[in-house]
Amino acid sequence: MPINKLTSGVKLNHPLRMDIHQVTQGKKSDYANQVHGVNKLLDGFGVGISKQSAQGVIGNVQKVETGAMSEITAHLREAKGFGRDAFESFSTGQVKQGAVEAFGSALNTAGAAFKSTFTPTPAEKLGNDPW
């Protein structure tokens, strides 16, 4: 696969992964930094991403960075999107792609569960102690 673009010395093979890279570069949230690292790793292994999932990830990063979406919600939305992609990949015989997407769905679900153990709820942010 040909190299698509060159940005800040980073070469990515998949055009949609380059779009994600550009959106996540230099962001402050844990979520954006996690997306940034995983995106580069998956591109290096030649794993693509669907247009719908790429757009979802980009939207999630933008919303998390502005405070319009929690990181937990972003992880859960990714889990849903990658689960959908895995189903589509498996149903068309793309086993490697489907396996990576299924793993990504599970990883994002676990990430949301873990993050929920220490992230305050909206009520807690207003000073309502659950205990």
Side-chain angles (χ1 to χ4, degrees):
M1 187 178 284
I3 293 174
N4 180 270
K5 299 177 186 176
L6 177 64
T7 300
S8 301
V10 175
K11 297 176 184 178
L12 296 178
N13 296 311
H14 195 282
L16 294 173
R17 293 221 176 269
M18 192 66 210
D19 294 342
I20 293 169
H21 174 78
Q22 290 172 334
V23 169
T24 58
Q25 194 170 14
K27 297 297 190 250
K28 304 284 185 217
S29 69
D30 290 340
Y31 174 76
N33 287 305
Q34 291 163 353
V35 168
H36 186 79
V38 170
N39 184 58
K40 285 175 38 178
L41 177 74
L42 291 174
D43 187 76
F45 283 106
V47 178
I49 186 169
S50 73
K51 185 174 182 178
Q52 188 173 6
S53 285
Q55 290 171 340
V57 168
I58 289 168
N60 290 348
V61 168
Q62 292 168 334
K63 289 176 184 171
V64 167
E65 288 295 313
T66 63
M69 179 186 292
S70 74
E71 293 189 22
I72 296 167
T73 301
H75 281 296
L76 291 173
R77 288 175 55 134
E78 269 195 56
K80 179 183 174 188
F82 291 144
R84 178 199 58 240
D85 289 349
F87 179 79
E88 291 175 11
S89 292
F90 285 134
S91 67
T92 59
Q94 299 175 44
V95 178
K96 175 187 170 192
Q97 183 72 27
V100 172
E101 291 160 345
F103 182 71
S105 181
L107 194 59
N108 272 285
T109 301
F114 174 73
K115 197 146 193 94
S116 71
T117 63
F118 62 86
T119 302
T121 66
E124 290 170 331
K125 289 179 181 178
L126 295 173
N128 298 320
D129 187 356
W131 310 108

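All values below come from the heavy atoms of this structure, side chains included, with hydrogens, waters and symmetry mates left out. All residue numbers refer to positions in the sequence shown, counting from 1.
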A.B. asks: Determine, using the 4.5 Å side-chain heavy-atom cutoff (strictly less than), whether Met69 and Leu76 are members of one ILVMFWY cluster.
C.D. replies: no
A.B. asks: Is there a continuous path of hydrophobic side-chain contacts, each under 4.5 Å between heavy atoms, that joins Val38 to Tyr31?
C.D. replies: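 No; Tyr31 is not reachable from Val38 via cluster members.
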A.B. asks: Check the pair Gln94 / Thr92 against side chain to side chain donor-acceptor pair (under 3.5 Å), numbers first and verdict last.
C.D. replies: CA-CA 6 Å; Gln94 299 175 44; Thr92 59; 3.2 Å; yes
A.B. asks: So do Glu78 and Val35 actually touch side chain to side chain, heavy atoms under 4.5 Å?
C.D. replies: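 They are in side-chain contact.
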A.B. asks: Quick one: salt bridge (charged side-chain N to carboxylate O under 4.0 Å, His left out) pairs with a partner in residues 84-105, sequence neighbours left out?
C.D. replies: none
A.B. asks: Answer yes or no: is there a side-chain heavy-atom contact under 4.5 Å between Ile20 and Ile49?
C.D. replies: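 Of all side-chain heavy-atom pairs linking Ile49 with Ile20, at least one is under 4.5 Å.
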A.B. asks: Locate the shortest heavy-atom distance separating Ala102 from Ala86; write the atom from each residue and the value.
C.D. replies: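 Closest approach of Ala102 to Ala86, heavy atoms only: N-CB, 3.6 Å.
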A.B. asks: Could you work out, with ring-ring contact (aromatic ring centres under 6.0 Å, His included) as the rule, every residue matching Phe82, not counting sequence neighbours?
C.D. replies: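 By the ring-ring contact (aromatic ring centres under 6.0 Å, His included) rule, Phe82 matches no residue at all.
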A.B. asks: Say whether Met18 and Val23 are linked into one hydrophobic cluster, either directly or through other cluster members, by side-chain heavy-atom distances under 4.5 angstrom.
C.D. replies: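 No: no chain of side-chain contacts under 4.5 Å links Met18 to Val23.
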A.B. asks: Which pair of heavy atoms, one from Ile72 and one from Ala112, lies closest together, and at what distance?
C.D. replies: O-CB, 3.9 Å
A.B. asks: Between the main-chain N or O of Gly104 and the side-chain N or O of Asn108, is there a donor-acceptor pair closer than 3.5 Å?
C.D. replies: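 A pair under 3.5 Å: yes.
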A.B. asks: Quick one: closest heavy-atom pair of Gln97 and Val47, and the distance?
C.D. replies: OE1-CG1, 3.8 Å
A.B. asks: Are Glu71 and Lys115 ion-paired here, with the side-chain N under 4.0 Å from a carboxylate O?
C.D. replies: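 Salt bridge flag = yes for Lys115 with Glu71.
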A.B. asks: Nearest 0.5 Å please: distance from the NZ atom of Lys80 over to the OG1 atom of Thr109.
C.D. replies: 12.5 Å
A.B. asks: Looking at Ser29, is its backbone amide N or carbonyl O close enough to the side chain of Glu65 to form a donor-acceptor pair, meaning the two atoms are under 3.5 Å apart?
C.D. replies: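 Between the backbone of Ser29 and the side chain of Glu65 there is a qualifying donor-acceptor contact (under 3.5 Å).
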A.B. asks: To the nearest 0.5 angstrom, please state how far the CG atom of Asp43 sits from the CG atom of Leu16.
C.D. replies: 10.5 Å
A.B. asks: Could you tell me whether a side-chain N or O of Arg17 sits under 3.5 Å from a main-chain N or O of Gly48, the two making a donor and an acceptor?
C.D. replies: yes
A.B. asks: Would you name the heavy atoms of Ala113 and Ser116 that are closest together and state the gap between them?
C.D. replies: O-OG, 2.6 Å
A.B. asks: Under 4.5 Å side-chain heavy-atom separation, chaining through any Ile, Leu, Val, Met, Phe, Trp or Tyr, what else clusters with Phe103? Say none if it is isolated.
C.D. replies: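 Once heavy-atom contacts under 4.5 Å are chained together, Phe103 belongs with Leu107.
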A.B. asks: Indicate if Val100 and Leu41 have the same hydrophobic cluster label, given that clusters are the connected sets of ILVMFWY residues with side-chain heavy-atom separations under 4.5 angstrom.
C.D. replies: yes
A.B. asks: Looking at every heavy atom in both Ala32 and Lys27, which two are closest together, and how far apart are they?
C.D. replies: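 Of all heavy-atom pairs spanning Ala32 and Lys27, the closest is CB-CB, 3.4 Å.
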